[in-house]
Amino acid sequence: MTVVRQDAWNQEEDVLLAEVVLRHIREGSTQLAAFEEVGEKLSRTSAACGFRWNSLIRKRYESAIAIAKRQRKERSKGKVVPEESDVHMLDQPVKQQEYMAAKEKILSLDDVIVFLKNFKTSEERRSDQELIKLRSQVEELKSQNTKYQTHLEKLNHEYKLVCEDYKALIEIMDRARKFVGTEEESGSLMFQVEGLQKLEK
């Protein structure tokens, strides 16, 4: 019984999947056949390979897919001559030249590897640029946060001073109210005392 893997895909497996699918496209085969071939090599199901290709890998290889489809179209039109095993049958110099010209149009495995390496380098460069941009944004946000924090502390300090001033004002008003009340009482007593003195005289 074949063990079906459940672990995550690594970069080498992604590259193998891309190479096999591109080869099947060039040769006019189906992607399902490619998924089955990769599944056997990696001990994965063809459905898992198909899902991986359609959900993630295909987007990265759009230009390579276009090239492979163009090569398949040229093959179907008969522009591509027999494989290397049939070169010995091409005696005439003209046919050999046609064969070499047609062979140059076929994307070799080396071409795919070079393309994938270049793609990987460009992806890494783009990731580095995005990382630098994100770090710059983080620094800017930190700076803004510090600025807002300072402003908030200043507002809190001013609010505290206003609260203290307000409490002091309330206390002064209470004292003034009490003082006015005692003055009125003492004033009426003085008036009563003076009235009594006048009556006595």
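All figures in this text were calculated on a predicted structure; none of them were measured in a lab.
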message = I'd like to know if the side chain of Thr146 and the backbone of Lys142 have a donor-acceptor N/O pair within less than 3.5 Å.
response = yes

key: Salt bridge present between Arg125 and Asp128 (N-O < 4.0 angstrom)   = no

ask   = Under 3.5 Å, side chain of Lys41 to main-chain N/O of Glu37, donor-acceptor pair present?
value = no

query = So do Ile57 and Arg60 actually touch side chain to side chain, heavy atoms under 4.5 Å?
reply = yes

request  = With rounding to the nearest 0.5 Å, note down the distance linking CD in Glu40 to SG in Cys49.
outcome  = 10.0 Å

ask   = Would you say Val21 and Phe35 make side-chain contact, with heavy atoms under 4.5 Å?
value = yes

ask   = After noting the C-alpha distance and the side-chain angles of Glu153 and His157, does the key distance pass the side chain to side chain contact (heavy atoms under 4.5 Å, CB included) rule?
value = CA-CA 6 Å; Glu153 287 172 6; His157 180 67; over 6 Å; no

inquiry  = Between Glu13 and Arg52, does any NZ, NE, NH1 or NH2 come within less than 4.0 Å of an OD or OE carboxylate oxygen?
reply    = no

task = Walk me through it: do Asp7 and Arg44 pass the test side chain to side chain contact (heavy atoms under 4.5 Å, CB included)?
result = CA-CA 10 Å; Asp7 56 332; Arg44 294 186 184 273; 3.3 Å; yes

request  = Please answer: with hydrophobic residues joined when any side-chain heavy atoms are less than 4.5 Å apart, are Ile65 and Leu17 in the same cluster?
outcome  = yes

key: Euclidean distance, Arg75 CZ relative to Arg72 CZ, rounded to 0.5 Å   = 11.0 Å

inquiry  = Please check: side-chain N/O of Ser143 versus main-chain N/O of Glu139, any donor-acceptor pairing under 3.5 Å?
reply    = no

ask   = How long is the gap from CD on Glu36 to OG on Ser46, to the nearest 0.5 Å?
value = 5.0 Å

ask   = Given the rule that I, L, V, M, F, W and Y join up when any side-chain heavy atoms are under 4.5 Å apart, are Leu16 and Tyr61 in one cluster?
value = yes

ask   = Is Phe119 linked to Ile67 within one hydrophobic cluster, defined over Ile, Leu, Val, Met, Phe, Trp and Tyr using a side-chain heavy-atom separation of less than 4.5 Å?
value = no

task = Supply the atom-to-atom distance Ile170 CD1 to Asp165 CG, rounded to the nearest 0.5 angstrom.
result = 12.0 Å

inquiry  = Counting only heavy atoms from other residues, nucleotides and ligands, does the tally under 6.0 Å from CD of Gln137 exceed 12?
reply    = yes

message = Would a single hydrophobic cluster contain both Trp9 and Leu116, if residues Ile, Leu, Val, Met, Phe, Trp and Tyr are joined by side-chain heavy-atom contacts under 4.5 Å?
response = yes

task = Supply the atom-to-atom distance Lys133 NZ to Gln129 CD, rounded to the nearest 0.5 angstrom.
result = 10.0 Å

inquiry  = Any side-chain to backbone donor/acceptor pair from Asn54 onto Gly50? Under 3.5 Å, distance only.
reply    = yes

ask   = Does a side-chain heavy-atom distance below 4.5 Å link Ile113 with Glu19?
value = yes

task = Would you mind reporting whether Arg26 and Gln71 have side-chain heavy atoms less than 4.5 Å apart?
result = yes

inquiry  = Starting from Trp53, can I reach Leu56 by hopping between I/L/V/M/F/W/Y residues whose side chains sit under 4.5 Å apart?
reply    = yes

ask   = So how far is it from Gln31 CD to Leu22 CG, rounded to the nearest 0.5 Å?
value = 9.5 Å

task = For the pair Met173 and Arg177, evaluate side chain to side chain contact (heavy atoms under 4.5 Å, CB included) and give the outcome as yes or no after the intermediate values.
result = CA-CA 6 Å; Met173 289 175 67; Arg177 201 176 292 121; 4.3 Å; yes

inquiry  = Within the 4.5 Å heavy-atom criterion, are Glu164 and Lys160 side-chain neighbours or not?
reply    = yes

